*Asks:* 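Structure incoming, see below.
Letters A, B, ... are given to chains in the order of the sequence lines, protein chains preceding strands, and every chain is numbered from 1. What you see is a predicted model; the values in this text were computed from it and never measured.
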Number of protein chains: 2
Amino acid sequence: MLRTPMKWNDLSEEACPVARAMSVIGDRWTLLILRDCLFGFRRFDDIQRRLGITRHVLAERLKKLETAGLLDRRPYQERPVRHEYVPTQAAKDFIPVMQVMIGWANDHLAVNKPSPYKTLMRDTREPIAPKVIDANTGTEITSKTIWVEEND
Amino acid sequence: MLRTPMKWNDLSEEACPVARAMSVIGDRWTLLILRDCLFGFRRFDDIQRRLGITRHVLAERLKKLETAGLLDRRPYQERPVRHEYVPTQAAKDFIPVMQVMIGWANDHLAVNKPSPYKTLMRDTREPIAPKVIDANTGTEITSKTIWVEEND
DNA sequence: ACTATAAGTTCCTATTTGGAACTGAGTCAA
DNA sequence: TTGACTCAGTTCCAAATAGGAACTTATAGT
């Protein structure tokens with residue numbers, strides 16, 4: 001399988017969905033910014049202070065996430081007008097991806113500090129244990145149960 | 001919630017698992033390199049040509065993935081010795097994360113080109129439909145079914 | 001001896017990021 | 001009504017990272 005080389009800044013039209021995901025969430029800091037917005041930290045200075053990211057990079061990333069349709073910049077006060085960045089449905093649909101990633105990091109990149117947050121099931125109030133299954137068969141998706149095939 | 005600012009190159013000890021994940025897979029190109037290795041493209045020149053990544057960056061990323069315990073550099077021939085990068089169990093355990101991400105990208109970043117590969121369930125040979133559930137309750141994990149709480 | 005291959009490394013240039021200072025719209029307190 | 005403060009950026013320069021091309025090392029094949 002030979003294919004034409006990719007350019008990092010032109011990944012959005014790639015045929016591979018992983019590459020297209022990178023075009024949106026692949027830049028430095030972007031996923032942490034998205035995490036903050038999804039966890040309720042939606043204002044410029046809040047995010048800047050929490051991450052320690054330089055301000056113009058944060059401004060650029062927020063613009064890109066807005067353009068990509070993951071964040072909605074909307075005023076939270078008038079006089080002076082101030083905006084916050086609210087996750088769209090596309091961003092909310094990213095939550096399962098992030099939770100599975102959190103599960104992976106907890107399993108493989110453990111550290112002897114407690115996480116600053118915990119995720120619970122809304123109904124049982126028990127910590128979640130994310131597991132990926134195939135919606136059609138109910139079988140767990142692991143390296144052993146799937147098969148990747150080339151198209152063409 | 002105030003916290004100390006992060007430094008991009010010192011994320012591996014962060015309390016937040018998303019940040020720790022970034023310390024391993026957050027650099028430019030890294031996730032695409034991991035995708036290639038997981039999909040069977042494990043040799044330096046193969047990966048370099050497929051991605052169009054500059055060679056010293058690829059060398060640096062492969063070293064970092066090896067150090068992080070995701071890839072195992074092992075010889076595939078002697079005379080001259082040549083190495084390939086084989087995914088470890090930690091990398092294989094990342095497959096569900098990647099598949100959920102692929103599902104998200106297919107839903108939200110569609111493009112009018114067919115994917116260069118397709119993922120099937122090994123037993124039914126049907127395309128997978130990844131879904132994230134809570135292993136304890138069986139409930140689907142979405143923005144509506146979970147609850148994020150601060151620790152401390 | 002000459003050509004080729006794979007996996008790096010080196011070097012120089014271009015792009016991206018970090019960090020600090022500056023701006024603008026407006027509030028609040030003296 | 002001046003002065004200090006807040007939040008959301010923007011601007012500027014220096015430092016770090018990435019792109020691209022050439023070079024290296026070990027070997028095989030012709």
*Asks:* Report the distance from atom CZ of A:Arg82 to atom C1' of D:dC5, rounded to the nearest whole Å.
*Replies:*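 So the two atoms are 10 Å apart, to the nearest Å.
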*Asks:* Output the rounded distance in Å from CZ (A:Arg73) to P (D:dC7).
*Replies:*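 The distance from CZ of A:Arg73 to P of D:dC7 comes to 16 Å, rounded to the nearest Å.
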*Asks:* Under 3.5 Å, which protein N or O atoms sit close to an N or O of nucleotides 15-20 of chain D? Give each pair with its distance.
*Replies:*
residue, atom, partner, partner atom, Å
D:dT17, OP1, B:Asn9, ND2, 2.8
D:dA18, OP1, B:Arg61, NH2, 2.4
D:dA18, OP2, B:Arg61, NH1, 3.3
D:dA18, OP2, B:Arg61, NH2, 3.1
D:dA18, O3', B:Arg28, NH1, 3.4
D:dG19, OP1, B:Trp29, NE1, 3.4
D:dG19, OP2, B:Trp29, NE1, 3.3
D:dG20, OP1, A:Lys7, NZ, 3.0
D:dG20, N7, B:Thr54, OG1, 2.4
D:dG20, O6, B:His56, ND1, 3.1

*Asks:* Give a yes or no on whether the backbone of B:Tyr117 and the side-chain of B:Ser115 come within a donor-acceptor separation of less than 3.5 Å.
*Replies:*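 Here the side-chain-to-backbone pair exists.
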*Asks:* Rounded at 0.5 Å granularity, tell me how far NZ in B:Lys144 sits from CZ in A:Arg122.
*Replies:*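 Going from the NZ atom of B:Lys144 to the CZ atom of A:Arg122 covers 9.5 Å.
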*Asks:* Just to verify, which of B:Arg43, B:Arg74, B:Arg73, B:Arg42 counts as forming a salt bridge (Lys or Arg N to Asp or Glu O under 4.0 Å) with B:Glu84?
*Replies:*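 When salt bridge (Lys or Arg N to Asp or Glu O under 4.0 Å) is applied between B:Glu84 and each of B:Arg43, B:Arg74, B:Arg73, B:Arg42, only B:Arg43 qualifies.
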*Asks:* Does anyone know the first and last nucleotide of DNA chain C in reach of chain B, 5' to 3', at under 4.0 angstrom to a heavy atom?
*Replies:*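 Range of nucleotides touched by chain B: C:dT5 to C:dG19.
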*Asks:* Within this structure, what is the CG-to-P distance between A:Asp46 and D:dC7, rounded to whole angstrom?
*Replies:*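 Distance, rounded to whole Å: 8 Å.
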*Asks:* So which protein nitrogen or oxygen atoms get under 3.5 Å of nucleotides 28-30 of chain D's nitrogens or oxygens?
*Replies:*
none

*Asks:* If you measure from CD1 on B:Ile146 to CD1 on B:Ile141, what distance do you get to the nearest 0.5 Å?
*Replies:*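 Output value for this atom pair is 7.0 Å.
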*Asks:* What I want to find out is whether A:Asp45 reaches A:Arg55 closely enough, with some N-O distance under 4.0 Å, to be called a salt bridge.
*Replies:*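 Yes.
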*Asks:* Just verifying a value: how many Å separate A:Phe39 CZ and A:Met98 CE, rounded to the nearest 0.5 Å?
*Replies:*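 Here the interatomic distance stands at 4.0 Å.
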*Asks:* Can you tell me how far the CD atom of A:Glu60 sits from the CD1 atom of A:Ile53, to the nearest 0.5 Å?
*Replies:*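 Taking CD in A:Glu60 and CD1 in A:Ile53, the distance rounds to 9.0 Å.
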*Asks:* Give a yes or no on whether B:Arg125 atom CZ has more than 12 heavy-atom contacts from other residues, nucleotides or ligands under 6.0 Å away.
*Replies:*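 Atom CZ in B:Arg125 is packed in, count exceeds 12.
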*Asks:* For the residue pair A:Asp134 / A:Thr137, report whether a side-chain donor-acceptor contact shorter than 3.5 Å exists.
*Replies:*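 There is such a pair between these side chains.
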*Asks:* Report the distance from atom CD of B:Gln48 to atom P of D:dA22, rounded to the nearest whole Å.
*Replies:*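 About 14 Å, once rounded to whole Å.
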*Asks:* For D:dA8, does either OP1 or OP2 sit under 4.0 Å from a side-chain N or O belonging to A:Tyr76?
*Replies:*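 Yes, because at least one side-chain N or O of A:Tyr76 sits under 4.0 Å from OP1 or OP2 of D:dA8.
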*Asks:* Roughly, in whole Å, what's the span from CZ in B:Phe44 to P in D:dT25?
*Replies:*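 Atom-to-atom, B:Phe44 to D:dT25, this comes out as 17 Å.
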*Asks:* Supply the atom-to-atom distance A:Lys92 NZ to A:Leu38 CG, rounded to the nearest 0.5 angstrom.
*Replies:*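 Nearest 0.5 Å value for the NZ-CG distance: 9.5 Å.
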*Asks:* Between A:Glu14 and A:Arg20 (salt bridge meaning N to carboxylate O under 4.0 Å), is one present in this structure?
*Replies:*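 So A:Glu14 does not pair with A:Arg20 through a salt bridge.
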